[in-house]
Amino acid sequence: MTKVYGTGTYDFRRHRVAEYPLAEPKAGERSQKGGGGGSLQSTITVSEIQRDRLTKIAESNWLKTDEKKKDFDPELVVKIYETELLVKEVIDETGLWLINDACVLYCERFMEFLIDLLSQLPTRRYLRPIVADVAVVAKCHLSALYRHGKGKLFAQLVDLLQFYEGFEINDHTGVQLTDHEVLESHYSRLQSFQLHAFKKKDNLRELALTNIGSLHTRANLSKKLSVLSPEELRDLICCKLKLVSKEDPWTKRVDFLIEIMVSFFEKQQSQKEAINALPLYPNEQIMWDESVVPSINYSGEGCLALPKLNLQFLTLHDYLLRNFNLFRLESTYEIREDIQEAIPHLLAYINIDGETAFRGWSRMGVPIKQFRIAEVKQPNIGEVKPSSVTAEVTYSISSYRSHIRSEWDALKEHDVLFLLTIRPSFEPLTAEEENKASVPQKLGLQYVRGCEVIEIRDEEGTLMNDFSGKIKREDWKPPKGELRTVTVALDTAQYHMDVNNIAEKGGEDVYGTFNVLMRRKPKENNFKAILESIRDLMNEYCIVPKWLEKVFLGYGEPSAAQWTNMPDLLETVDFKDTFLDADHLKGSFVDYEVTFKNSDGTENLNPTPPFKIKLPRTLKGSNGVLPGSALSTSGAANDANMVGANHQKETLTIETYTPPDPGPYPQDQPKQNSVRFTSTQVEAIISGIQPGLTMVVGPPGTGKTDTAVQILNVLYHNCPSQRTLIITHSNQALNDLFEKIMQRDVPARYLLRLGQGEQELATDLDFSRQGRVNAMLVRRLELLSEVERLARSLQLPEDVGYTCETAGYFWLLHVYSRWEQFRAACAGNEEKPTFVRDRFPFKEFFSDTPHPVFTGNSFDEDMRSAFGCLHHLKTMFQELEECRAFELLKSTADRANYLMTKQAKIVAMTCTHAALKRKDFLQLGFKYDNLLMEESAQILEIETFIPMLLQRQEDGHARLKRCILIGDHHQLPPVVKNMAFQKYSHMDQSLFTRFVRLGIPYIELNAQGRARPSIAKLYNWRYRNLGDLPYLKEAAIFNRANAGFAYDYQLVDVPEHLGKGETTPSPWFYQNEGEAEYIVSVYIYMRLLGYPANKISILTTYNGQKLLIRDVINRRCVPYNFIGPPSKVSTVDKFQGQQNDFILLSLVRTRFVGHLRDVRRLVVAMSRARLGLYVFCRRSIFEQCYELQPTFQLLLKRPDHLALNMNEITSYTERNAADPGPSHHVHLVSGIEEMASIVDRLYQEKLRYQYEQNGSYFSHLEPSVNTDEVRNRQQTEDTDMLEQKDEMADESGDATTSDDNRVPGDLPPERSMEDATKVNGVSHLEPSVNTNTVQIRQQITDTDMPEQDDMPHESGEATAVDNHVSGDMPSERSMEDVTVVDNSVGVANGTPTP
């Protein structure tokens, strides 16, 4: 395996390629910079590129519009070979400073070009022999640029090129070489060389007779070859071995010839060995090495020595290796950011004893009292590193408040911690020194080592968090004392490297210096488990299904994995409740002449569901298309138009049948689907239930979840023995999917939800492993009591219901035998209508049904009811048989594991949980046949791949039969924080997006049912034929206007506020105070009209603005319980996948468009609203952005000042949505101040209206306490806010008060509302804290890289910072998740202090 590569020192000027021609620097300017570096050109100009030789060659062969196309010039390859691949030593040792950056950039770009060609199989087959023949790598290694400081990036690219030149693959077949094959090839080459040396070269006799083990190292090989003269060496290499051409001028150099021999015969470390020797935790050397982990805001224009996630990969091993390196570097970047945030708060200094001490405190870091290595175990056979290294770390939590103590005490097994050594300088750095110092020097950081928690004990040595289950819950006691000792497992590879460094180089003992223990947020700290999973996959013979392998690697026919090309199709599919009626089915197959027949073959003229369909292998009217092909039709109307008058439709025969009676009790009746699926959704369902790869693109509001649930439902009923795994990106999406599955005809005992988000399910049932086990045990007791009742009804002993086993015997001996006797007696008595009622053996047992089971009017009807009763009994005893395992297994863990591996048919988890627990799943023998992945366009490629491999192979074959990917590549991609990894390495490319780009057929849902058609036009231009469901035009709620607003959507131009637009208190932390105040005023206006708070969400494109809006809401809304906060204040990125009726959107930027230029973010922002969307921004900036034109042209067809209908003062209106209202009722708001005055005036009108209606209604609101007491009480609450922060974070996010949807009829008197309508002291609210203070406080909590908004592992809750002033900012959870906060301190005279 190659090294982990980075960027080298990055120079933006050098890497801005061909933007615009710049004036040539004057001669005098070239020599202004001193030293050997000389002056460097700031860019390569277009003219320079045009003068380039390779460009001229390509230009001469390029197709020109005014000339006839030239034939391909066969000499072109020769010219490229001669001019480009023949590496010339253009850099002279003495004149190195004369090199300009254009030459260096050219060399780097050419290396990148070769790497890209070698890392793709089709081009690799042709290029690799040429690269090897010319010895590009050897020449580059010996070049002066490779060794010079300016060539650091070039050197890294050469190393990467060397790695891909020697990649372990058969270039002709494309098959990965095994370790044994690689070793055999190496030995064969060396043996042939020894044989030749023995025969032809007497002075190499010693080399020929030496054992291979002592020969294939670089040092030994060079020593053995040194006996040859230069001419002999040249003759050997060029004439005998023919490794390079004799004509090559480089062959005159002995060092080049030695390099050729060594690189060809040296034993290379295998990729598996290299990956296993690599520490999983980053250390301080990697962490702050800019050449490995770049921290710059990469623009995407430069060249980096990083692996790329392209469309194609050489092998699965290559795929995993690239992902491993990138994921490791991305997690290193995140850890580095966390360290840089946590350490400064400790305020380290050198005390009088010359030791490091701390005068501050940090939430995430604590000083270490004692550290000791507890045990180092012997290495495993064949390894040199220890098998395990454990240590004990003691620290004190005495300086923490209770809620932070509880966080430290909540450490769990496998949590990752970091051991740091801090040694600050004795005297503070001067300003000049600080500017030159690196981050570790500023922090005083010496060493960083990772570790994993094994157990944690309190001061008395009592085990606090028992992860083995030995301590029962009732025996658990709270921890004693303030000292904690945590036992941790160190990284054995890193420990081995450190010990060797001490022994061989006399280095410092790192493990005797640690003085700080740092933790990270649990949801952000899962990198080690994912890296381990990738490493384990690389050590296995990794198998993906044969039908998916070529498509996965990016080769072969793109449609090869589509269901129509798969064997073992389901020929006849029972669609159960998919179709609501016969017309629904006909509308789904408009290209066919649909006929209905009964099970006996007769025609059915009045067909009713359910239907069975024998599907043809090539289904007509398919909307699954390859990108770039002709637009497919959408909807029944379009399909019908395509059928010519003379075209004879094919016949599709549908079998109807009467389902058996499910049983006499209400709980026996199956749950039915009520969704009328469109023809495209039906096509997705058909594809999903058939074997193979199904890809469904689901634009916003098109029913992706309903389609997924119906696929699962139909799949369960058609393949009841198969097991399905559901994977999503977020807990919320998984819970939405799971809640809909529970409403379908899938028994709850077959459903299992794994992971931490299970408690958020809106259901009374517990679907976690423990909850399902308990449910099965309870169900067992219920069923056994039913068996006893059945025995009594048959006048048999009740002990047959003692266990599941005895119940099984009872079924065979007494129940089923009686049924067979009854069936035999029925033969020949079909003419007697009362025979079934009189002779049914279990009549007494079913005497408690809500309605009589038998009528006695018809033998056939009663017989059907009898079969229904038998079905009920069969189901009952089948459930008992399934409960038997829980009866035999005694431990909770065994029962839970059995449930997961055997019992559950549908298992759901997030992609993060799948990666974390892969090793456990393999150990337990977890099996599944089908994989359904929701939100797959938001999941990192490697996190999509790991869930495909959570089970072991069966006889060398993968068990997976279906892979269903549902997502939307037009919305936001996976979150990658580091811009270099995101833009250069394409790490934010999901597997779903890659498959779409490869041309794999997909089905695009084409009818949305979320937003008004007018709002949907703002984003449906991005999709193929996205239309609207009929009910959007029929439902009254979508036809009525938004009361108080002239339009259902509008762009509101926000001018400068107090002389400023956007502000950046810190880099990437964007705020716009004017937009924040304006949006909050509009929100208050909506609340005064009577809009429910839980129907309004405020979104913005930056974290800084989100925090500012929350602060304004805390000042102007939260103190008044009749207003309260909105449903959510969030960033656009975090709100993906959610929706609300009314969205107020702040775009923040006033100087540049910013990251909204990404059209995917625009689509998400525009598609969150159902009924109303109001966009607040600076018009002059966004209307000029080319990428956003389709949306902003629509927005700007309406006035850019907020248009209010002043005649409507309630939340209800009969006005049509398309009618703004009479012109004299429509008022265009001029700006922020006028909006605040309108809110004030509306409040006065509402007050007068209420007074007229209720008379002395407000007399009861006289204060019972004086204003000072109210203020003191509020201040006390604010002081306690920080302590309550984390407690609130644990509360349910759905908590609301009774004031949530309340129309503000019982408003408080004038003074109380007066302050809520003030903005910045101009007849608006005085800020409770200085704006700069708020901004500075907020900027510490977050940086505003857009990619951080939507991290899958981010809790999205606590934004507390170690140095917050208590009372500054209420809990983020309270703003984001709690709909209304009722402080209940509004009084008639006086306003509570915010």
Side-chain angles (χ1 to χ4, degrees), residues 282-290 293 295-296 332-351 355-368 395-401 404 407-408 416-450 513-521 524-525 977 1064-1069 1103-1104 1107 1282 1285 1332-1345 1348 1358-1366 1368-1369:
N283 57 31
E284 71 286 346
Q285 294 171 343
I286 293 176
M287 207 171 281
W288 277 277
D289 185 351
E290 287 296 319
V293 186
S295 59
I296 47 93
T332 300
Y333 174 79
E334 295 173 12
I335 293 164
R336 183 176 74 185
E337 297 297 306
D338 289 344
I339 291 176
Q340 290 176 192
E341 183 178 341
I343 296 308
H345 299 302
L346 288 170
L347 303 178
Y349 69 99
I350 300 296
N351 61 18
E355 297 178 351
T356 304
F358 305 95
R359 62 167 66 93
W361 66 276
S362 173
R363 184 174 193 155
M364 309 306 284
V366 61
I368 292 175
Y395 59 91
S396 172
I397 56 172
S398 59
S399 61
Y400 289 129
R401 293 184 182 179
I404 300 180
E407 290 177 3
W408 280 96
V416 173
L417 303 174
F418 289 90
L419 301 161
L420 313 178
T421 299
I422 308 293
R423 288 176 186 158
S425 57
F426 189 75
E427 294 181 359
L429 299 175
T430 64
E432 185 178 351
E433 290 173 336
E434 187 154 348
N435 289 334
K436 295 180 180 178
S438 64
V439 173
Q441 288 171 339
K442 293 176 184 176
L443 298 176
L445 186 66
Q446 297 288 318
Y447 303 114
V448 179
R449 296 291 182 270
T513 63
F514 296 134
N515 52 16
V516 172
L517 181 69
M518 194 195 85
R519 64 185 174 92
R520 300 176 70 216
K521 293 178 182 177
E524 298 178 3
N525 209 20
K977 291 186 178 181
T1064 50
S1066 67
W1068 314 112
F1069 194 81
N1103 275 327
L1107 297 175
L1282 188 61
K1285 186 180 191 74
N1332 291 332
T1333 306
V1334 173
Q1335 290 173 343
I1336 295 302
R1337 166 177 52 75
Q1338 290 169 341
Q1339 76 187 52
I1340 300 170
T1341 67
D1342 217 338
T1343 53
D1344 232 342
M1345 297 293 286
Q1348 297 180 23
T1359 56
V1361 180
D1362 305 326
N1363 59 350
H1364 269 177
V1365 179
S1366 63
D1368 252 5
M1369 178 178 168

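Scope of the values below: all heavy atoms of this structure, side chains included, with no hydrogens, waters or symmetry mates.
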Closest non-hydrogen atom pair, [X] against [Y]:
{"X": "Y400", "Y": "S362", "value": "OH-O, 2.6 Å"}
{"X": "E407", "Y": "R363", "value": "OE2-NH2, 2.6 Å"}
{"X": "M287", "Y": "I335", "value": "CE-CG2, 3.9 Å"}
{"X": "I368", "Y": "L517", "value": "CG1-N, 3.7 Å"}
{"X": "W408", "Y": "R519", "value": "CE2-NE, 3.3 Å"}

E337 and K977 ion-paired at < 4.0 Å: no
Close side-chain approach of R336 to V293, heavy-atom, < 4.5 Å: yes
Min side-chain heavy-atom separation L346-I422 under 4.5 Å: no
All side-chain hydrogen bond (donor to acceptor under 3.5 Å, both in side chains) counterparts of S399, not counting sequence neighbours: none
side-chain hydrogen bond (donor to acceptor under 3.5 Å, both in side chains) involving W288 - partner list, sequence neighbours excluded: Q340
Residues which pass salt bridge (Lys or Arg N to Asp or Glu O under 4.0 Å) with D289, listed by chain and number, not counting sequence neighbours: none
With E432 via salt bridge (Lys or Arg N to Asp or Glu O under 4.0 Å) - residues at least two apart: K436
Taking only residues two or more places apart in sequence, or in another chain, which ones meet [X] in a side-chain contact (heavy atoms from CB on, under 4.5 Å)?
{"X": "N283", "value": "Q285, I286, R449, Q494"}
{"X": "T513", "value": "T421, R423, Y447, E508"}
{"X": "S438", "value": "P440, Q441"}
{"X": "I350", "value": "T356, P424, F426"}

Row check, F418 ring normal vs R520 NZ/CZ: under 6.0 Å, within 45°: no
Result of checking V366, L347, N515 against F358 for side chain to side chain contact (heavy atoms under 4.5 Å, CB included): N515
Spatial distance of atom CG (L420) from atom CD1 (I343) [nearest 0.5 Å]: 4.5 Å
Approximate separation, where rounding is to 0.5 Å, of M518 CE and L419 CG: 10.5 Å
